[in-house]
Every structure is written in structure tokens, then in C-alpha cells.
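Numbering of residues begins at 1 and proceeds along the displayed sequence.
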Amino acid sequence: AMPRLRLLTWDVKDTLLRLRRPPGLSYAAEARARGVRVQPEVLGRAFREAYGAQSRLFPNYGQGRGLSSRQWWLEVVEQTFRLAGVHEERVLVPMAEKLYTDFCSADSWEVLPGASETLSRCGQRGFHMGVISNFDRRLENILCQCNLRHHFQFVLTSEGAGCAKPDRRIFEKALCLGGVPPEQAAHIGDDYTRDYRAARAVGMHGFLLRAAGQGEQPEVPPEHLLPTLSHLLALIEK
């Protein structure tokens, strides 16, 4: 059995919330509103390329490199459109601003099935809860808009922490905020390396959210795998 767990920390993207539509579709709709026609698939590929390049050049939203996360994102959006063949500055800048704002809102995000109920039930059981997410400063606002913020005692983003998962320091900061030793904490997320393995490396428990058919991670024992969030309490209370 597990030692008495006191703190549960949560990843957000694709664990509690997911984008309602792929970035390519959102970007294409914004372009269309300004009279610019670009295929969503082209923008989707361009976004992945622009995001990847920016992440390599300026990791963690340009932390410590004199960039704000807002500038970081505006550059990603503008570069996405450039790679897709849109070069007019007079449309690039307002499109980037509008998309940056749109992605703050609940219109862009949906709560994953079982997330609200599971968080409520964990709260009722007396668990302390927090967020550990590789996200920028918009996360507090997004969680408020999606009506999840009240479940958490703290929201720790990689931008706020100055380091990103799987860096052990972001987990150590969370344990400090939660006021518990690692063996009394468990982290829940959907990424094997950044969530499951990283949490276990600091001595926390880990649960990996794994939709069926997502490819097996042989290193993960079945009692640490969550087919859905609703399975969490049964595993914790074994």
C-alpha cells in the first residue's frame, strides 16, 4: 500500500484540459476573418515547425533571455504564418495579438472527461492539490475561465519557476509549496518523460494518463497507469 499521500500535483495540457481544435484550424479561421486564405493543414505543419524552432532557440518561453512569454508567442504565431506564405506585416501583427488573447480563453480549451469530478472527489478526500505545468503565465487565467482554479492551492508554471519539466527543480519547488516530503506526494500527467519519470526521479509517486492504444511504456507498472482520470482514486486507495 502507499504511504499516506497528502499532495497531488497535476499536469494540465492533455491531462485536465485540451485544445478544442488544432492550432492550424484556429489560425486558419483567424486568417480567413482578415481575408487571407491558408489551409489549416499547412498552418498546422508550419506551427509545429515554428514552435519547435522557437523552443530550441529560446527554451521555456525565453526565460532569462530578455523575452517575455508574450513576445515569445507572438513570434511563434508570426513565424507560423510566414512559413505558410503570409508575409504582410499589417495582418501578421494583429493576427498574432488576437490569437495570443484567444488562447487565454475557455473558448479555446475544454475540460477533459472526468477531470472536474476527479478533482472534486480528491478535494473532498482531503488531498492538497497543485499544478506543475510547462506553460506560460496565462495558465492561472485559463484555469479560472475553465472553472478548475479553485481546486488548487498553487499553480506552478515553468515560466514562473524558471525551469521546465523534466527538470527536478520544478518538482522540488512544488513539494516546497505543498509542504510535504516527496514520498507523500504523487504527480499525475500524460507524458512519460516529463511527468511520470521526472516525478519518480525526485521520489514522488507517479500516475501516467494513457488513453488506450497510445503505445506501451514497458517500464510503467499497470497500477501506475490511468486509462482515464476516473481511475485515479481507486488506485490511490488500494
Side-chain angles (χ1 to χ4, degrees), residues 1-18 109 111-135 139-140 142-143 146-212 214-238:
M2 290 202 167
R4 176 91 182 88
L5 281 179
R6 289 167 56 205
L7 173 70
L8 302 178
T9 62
W10 297 81
D11 170 54
V12 174
K13 188 172 180 289
D14 298 326
T15 298
L16 298 173
L17 295 177
R18 66 180 166 210
W109 299 91
V111 179
L112 273 137
S116 294
E117 302 77 39
T118 300
L119 290 169
S120 295
R121 287 169 61 203
C122 288
Q124 286 155 10
R125 296 286 206 291
F127 290 108
H128 288 200
M129 294 198 285
V131 159
I132 309 178
S133 173
N134 286 358
F135 217 102
L139 187 58
E140 284 269 0
I142 291 166
L143 289 168
C146 295
N147 197 27
L148 295 181
R149 177 64 185 88
H150 63 280
H151 292 294
F152 303 110
Q153 281 155 310
F154 63 86
V155 172
L156 187 59
T157 63
S158 58
E159 182 178 12
C163 51
K165 300 180 299 190
D167 190 317
R168 65 183 296 120
R169 289 172 303 169
I170 195 168
F171 291 93
E172 286 163 353
K173 283 184 188 205
L175 291 167
C176 203
L177 288 169
V180 301
E183 61 276 8
Q184 292 178 4
H187 179 68
I188 300 103
D190 70 307
D191 188 286
Y192 172 73
T193 305
R194 288 193 289 263
D195 291 311
Y196 181 76
R197 207 175 68 192
R200 289 177 56 82
V202 297
M204 292 171 72
H205 299 270
F207 293 101
L208 185 64
L209 183 62
R210 254 299 137 90
Q214 252 195 324
E216 288 311 298
Q217 295 285 0
E219 308 91 320
V220 183
E223 63 272 19
H224 296 170
L225 283 175
L226 302 175
T228 74
L229 287 179
S230 310
H231 287 73
L232 178 68
L233 277 163
L235 288 182
I236 286 180
E237 291 173 347
K238 263 192 174 152

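Residue Leu233 holds its CG atom at 11.5 Å from CD of Glu117, rounded to the nearest 0.5 Å. A distance of 10.0 Å separates CG of Leu5 from CD of Glu237, quoted to the nearest 0.5 Å. The distance from atom CD of Gln184 to atom NE2 of His128, rounded to the nearest 0.5 Å, is 11.0 Å. Summarising the geometry, atom NE2 belonging to His205 is positioned 11.5 Å from atom CD1 belonging to Ile188; distances are rounded to the nearest 0.5 Å. Rounded to the nearest 0.5 Å, atoms CZ (Phe152) and OG1 (Thr9) are 10.0 Å apart. Atoms CG and OG1, from Asp190 and Thr15 in turn, are 4.0 Å apart once rounded to the nearest 0.5 Å.
Using bins of under 30°, 30° to 60° and over 60° for the plane-to-plane angle, the ring pair His224/Phe207 lands in the perpendicular bin. Using bins of under 30°, 30° to 60° and over 60° for the plane-to-plane angle, the ring pair His187/Phe171 lands in the perpendicular bin.
In terms of heavy atoms, Glu140 sits closest to Arg149 at OE1-NE, 2.7 Å. Minimum heavy-atom separation, Cys122 to Met129: CB-SD, 3.7 Å. Taking both residues in full, the closest heavy atoms of Leu7 and Gly130 are given as CD1-N, 4.4 Å, listed atom of the first, atom of the second, then distance. The heavy-atom pair separating Pro166 from Thr193 by the smallest distance is CB-O, 3.8 Å. Considering every non-hydrogen atom in both Leu112 and Arg18, the closest pair reads CD2-NH1, 3.5 Å. The two residues Ile132 and Ala174 make their nearest non-hydrogen contact at CD1-CB, 3.4 Å.
Side-chain contact check for Trp109 versus Val12: every heavy-atom pair is 4.5 Å or farther apart. Counting heavy atoms from C-beta on, the side chains of Leu226 and His231 come closer than 4.5 Å. A heavy-atom distance below 4.5 Å is found between the side chains of Val180 and Leu175. Annotation: side chain of Leu16 is in contact with side chain of Leu229 (closest heavy-atom distance under 4.5 Å). Annotation: side chain of Val220 is not in contact with side chain of Arg210 (no heavy-atom distance under 4.5 Å). Side-chain contact between Leu232 and Leu209 is absent, with no heavy atoms from C-beta onward closer than 4.5 Å.
When the side-chain contact (heavy atoms from CB on, under 4.5 Å) test is applied to Leu177, the partners found at least two apart in sequence or on another chain are Phe154, Leu156. Partners of Arg121 under the salt bridge (Lys or Arg N to Asp or Glu O under 4.0 Å) rule, at least two apart in sequence or in another chain, do not exist in this structure.
Among residues at least two apart or in separate chains, side-chain hydrogen bond (donor to acceptor under 3.5 Å, both in side chains) pairs with a member in residues 152-171 are Asp11-Lys165, Asn60-Ser158, Ser69-Glu159, Arg137-Glu159, Lys165-Asp195, Asp167-Arg169, Arg168-Glu172.
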Run Leu148 and Val131 through side-chain contact (heavy atoms from CB on, under 4.5 Å) and show every step you take.
CA-CA 11 Å; Leu148 295 181; Val131 159; over 6 Å; no
